[in-house]
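Since the model is a prediction, treat every value here as computed from it, not as a measurement.
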Amino acid sequence: MNDTAAAEAAAARSVSLVRPTVLAILLTPVALMFGGLAPMATDGCGPDHCSAGLDAALAAIAVCWQATPFATPALLLAALPMPRSGRYAAARRVTSWCAVLPPAAVVLMVLGLPAAG
C-alpha cells in the first residue's frame with residue numbers, strides 16, 4: 001500500500017464517529033416528537049378498544065422512545081475514548097453506530113404503525 005492510500009484509509013477511520021454522531025443528532029429530535037405523538041394513534045379506537053397489534057407496537061415504541069435520550073448520548077460518549085485504529089477500532093465503529101438504533105427504531109416503528117381499528 002502506498003502512502004496516499006494509507007493516508008486515505010487513516011482519514012476514513014478517523015471520521016468513523018462523525019457520520020453516526022450527525023445522524024443521531026438529526027434523528028433524536030424527530031424520534032422524540034414522533035414517539036411523543038404516537039399514542040394519538042389510539043384516538044380513533046379509544047384506549048380500551050384498539051387492536052392487539054397497535055397496543056404491542058405502541059409498547060415497543062415507548063421502550064425505544066424512553067431509551068433514546070439516555071442510550072444515544074451514552075453510546076456516543078462511550079465510543080469517544082476508544083482508539084481510532086488498532087485493536088478497538090471496530091468496537092468504536094459498532095458502538096457509535098449502535099447509538100443511532102434507538103431513534104431510528106422509533107421513527108421506523110411510528111411510520112409503520114398498524115391501523116387503529
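Residue Ile25 is not grouped with residue Leu101 when hydrophobic side chains (ILVMFWY) are merged at heavy-atom distances under 4.5 angstrom, including chains of intermediate members. Under a hydrophobic-cluster definition in which Ile, Leu, Val, Met, Phe, Trp and Tyr are linked whenever side-chain heavy atoms come within less than 4.5 Å, directly or via other members, Met82 and Val94 are assigned to different clusters. Under a hydrophobic-cluster definition in which Ile, Leu, Val, Met, Phe, Trp and Tyr are linked whenever side-chain heavy atoms come within less than 4.5 Å, directly or via other members, Leu108 and Leu27 are assigned to different clusters. With hydrophobic clusters built from ILVMFWY side chains whose heavy atoms lie under 4.5 angstrom apart, Leu113 shares a cluster with Phe34.
Nearest heavy atom pair, residue Val106 against residue Ala31, reads CG1-O, 3.3 Å. Residues Pro20 and Val100 come closest through the heavy atom pair O-CG2, 3.5 Å.
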Would you list the atom pairs, donor with acceptor, under 3.5 Å between side chains in residues 58-80 and any protein atom, with sequence neighbours excluded?
residue, atom, partner, partner atom, Å
Trp65, NE1, Leu32, O, 2.9
Thr68, OG1, Cys64, O, 2.8
Thr72, OG1, Thr68, O, 3.2
Thr72, OG1, Ala99, O, 3.1

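In this structure, Thr95 OG1 and Tyr88 OH are separated by 11.5 Å, a value rounded to the nearest 0.5 Å.
For Val22, the side-chain contact (heavy atoms from CB on, under 4.5 Å) partners are Val18, Leu26, not counting sequence neighbours.
Proximity of a side-chain donor or acceptor of Thr42 to a complementary backbone N or O of Pro39 within less than 3.5 Å is detected.
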Test side chain to side chain contact (heavy atoms under 4.5 Å, CB included) on Trp97 and Arg19; report intermediate values, then the result.
CA-CA 9 Å; Trp97 280 107; Arg19 287 187 206 120; 4.1 Å; yes
